[in-house]
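Each chain gets a letter, A, B and so on, in the order its sequence line appears, and its residues count up from 1. Note that the coordinates shown come from a computational prediction; the quantities given were computed from them, not determined experimentally.
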There are 2 protein chains.
Amino acid sequence: MLRGDITVAIRNAVMNELAEVGYGRLSIEAVARRAGVGKTAIYRRWSNKLEMVMEIVSDIAERKVPLPDTGSFAGDLQLLMFIVSKALQHRIASQIIPDLMAEAARNPQIAETLQGALRTQQQALAEKLVGQAVTRGELPEGTDPKLAVDLMLGPLYWRLAISRDPIGDEYLEQLAAAVTGALKAARP
Amino acid sequence: MLRGDITVAIRNAVMNELAEVGYGRLSIEAVARRAGVGKTAIYRRWSNKLEMVMEIVSDIAERKVPLPDTGSFAGDLQLLMFIVSKALQHRIASQIIPDLMAEAARNPQIAETLQGALRTQQQALAEKLVGQAVTRGELPEGTDPKLAVDLMLGPLYWRLAISRDPIGDEYLEQLAAAVTGALKAARP
DNA sequence: AAACGGCGGAACGCAACCGTTACGTCGTAG
DNA sequence: CTACGACGTAACGGTTGCGTTCCGCCGTTT
């Protein structure tokens, strides 16, 4: 039976190593060193780097985001943006996510894994959120959920993961207001 | 005197190699092989990988985008988005940009170079574009150019570089309309 | 008490790449 | 015509990582 404490140490080491050097430069040996573990312990669990990283990452990424329903679209949106912005400002996540996204662009297996872990949820969440708003009459019927995702997550991701400008609460409110305006203005 | 044709071959090789394997895995030897050139020819021009990549990339990135002025903000925006979407759908660019962005998150020198090459222009472009619109009375006075950048480029980048969903002209129009609505709705 | 199995450590052969050097070729400038 | 210098090739010693193997240790199971 594999020892659980050692598995945990490896998982942590992988996440930290991934954040520091990225997938491309991540080596099994460095993970073992960092975890204070023999390489054998790693190869006993996974057969190579890709499999190891994918299992560990998707395990974390699959943790579901609780779906907000604050009673109004503006409220839902602001809450969602708050949650996402917190996640994207997390030290480790803010390094790993862009790195794996870039890697996904050239490795189909990574793309598939991330898609399964992240985008399916996103899609469902956006559809529900938009659906609620349409039912309430806050958004025009026929509002495109995909467009909504782009408008809700795009600016946040851009700001936090690409520009890496710090962001305050007042900015978040401003952004939420803008996105609400955007969706109302979009011709369905 | 260094031979120009060889410099060109190296530059091309670097861009292609960068697109295929990313910065982290890019090796001088692979670049030399790909360019059909000796390693010596490379080391005669640059002293290491970072310097080489930064010089080549920033050289390309600094090519200025002509600033649109179509007479209306909606027109400016749609033209800008069209240009950006074409750039982000380019085979090489769509691989290299996210990769270097991720790398920039962990290498200050890369961050600085990209910032100098890209963000300064972006900022200037956004300020002019928003300024024109405010003068024309199309956007409220005090509209935040930074917010405008996030709203204009964020969704496009998200869609093209992260989601990697193909996009059509009608989507682009829809998006431009939404962003215009967003900026009008944003409280200054 | 004995058997089992996961553990760390060390070493294996192999491959890739680093940055540098020495050499012989070839085009061009003087 | 000669001298220079950029070129490709090949080799250098050194480093790093791969994936595997063997060892002795030690806690658990039986």
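For dC7(C), the OP1/OP2 oxygens have a side-chain nitrogen or oxygen of R45(A) closer than 4.0 Å. Distances shorter than 4.0 Å separate none of the side-chain N or O atoms of R3(B) from OP1 or OP2 on dC7(D). When the side-chain nitrogen and oxygen atoms of R33(B) are compared with OP1 and OP2 of dC17(C), one or more of them lie within a distance under 4.0 Å.
I42(A) places its CD1 atom 12 Å from the P atom of dG17(D), with the value rounded to the nearest Å. In this structure, I6(B) atom CD1 and dG27(C) atom C1' are separated by 12 Å, rounded to whole Å. Straight-line distance from the NZ atom of K49(A) to the P atom of dG17(D): 10 Å, rounded to whole Å. Nucleotide dG8(C) holds its P atom 17 Å from the CZ atom of R34(A), rounded to whole Å. In this structure, R25(B) places its CZ atom 14 Å from P of dC18(C), rounding to the nearest Å. Atoms CZ (R44(B)) and C1' (dG8(D)) sit 9 Å apart, rounded to a whole Å. What separates CD of E17(A) from P of dT16(D) is a distance of 14 Å, to the nearest Å. What separates CG of L26(B) from P of dC18(C) is a distance of 8 Å, to the nearest Å.
Nearest nucleotide to the side chain of L2(B), out of dC7(C), dA6(D), dG19(D): dA6(D). You'll find that the side chain of K39(B) is closest to dT20(C), out of dT20(C), dC17(C), dG17(D). In the set dG19(D), dC7(D), dG19(C), dG19(D) carries the atom at the smallest distance from any side-chain atom of Y43(A). Among dC18(C), dG17(D), dG8(D), the nucleotide with an atom closest to any side-chain atom of V37(B) is dG8(D).
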Begin from the C-alpha positions of R45(A) and I6(A) and carry the test side-chain contact (heavy atoms from CB on, under 4.5 Å) through to its verdict. CA-CA 11 Å; R45(A) 289 168 171 77; I6(A) 291 193; 3.8 Å; yes
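The cationic atom of K184(A) (NZ for Lys, CZ for Arg) does not lie both less than 6.0 Å from the six-membered ring centre of F73(A) and within 45° of the ring axis. Both the sub-6.0 Å distance and the 45° axial angle are satisfied by R159(B) relative to the ring of Y171(B).
Using a 4.0 Å cut-off between a side-chain N of Lys or Arg and a carboxylate O of Asp or Glu, D5(B) and R3(B) qualify as a salt bridge.
If you check every strand for non-hydrogen atoms under 4.0 Å, T40(B) touches a base.
Using a 4.5 Å cut-off on side-chain heavy atoms (C-beta onward), L160(B) and R164(B) make no contact.
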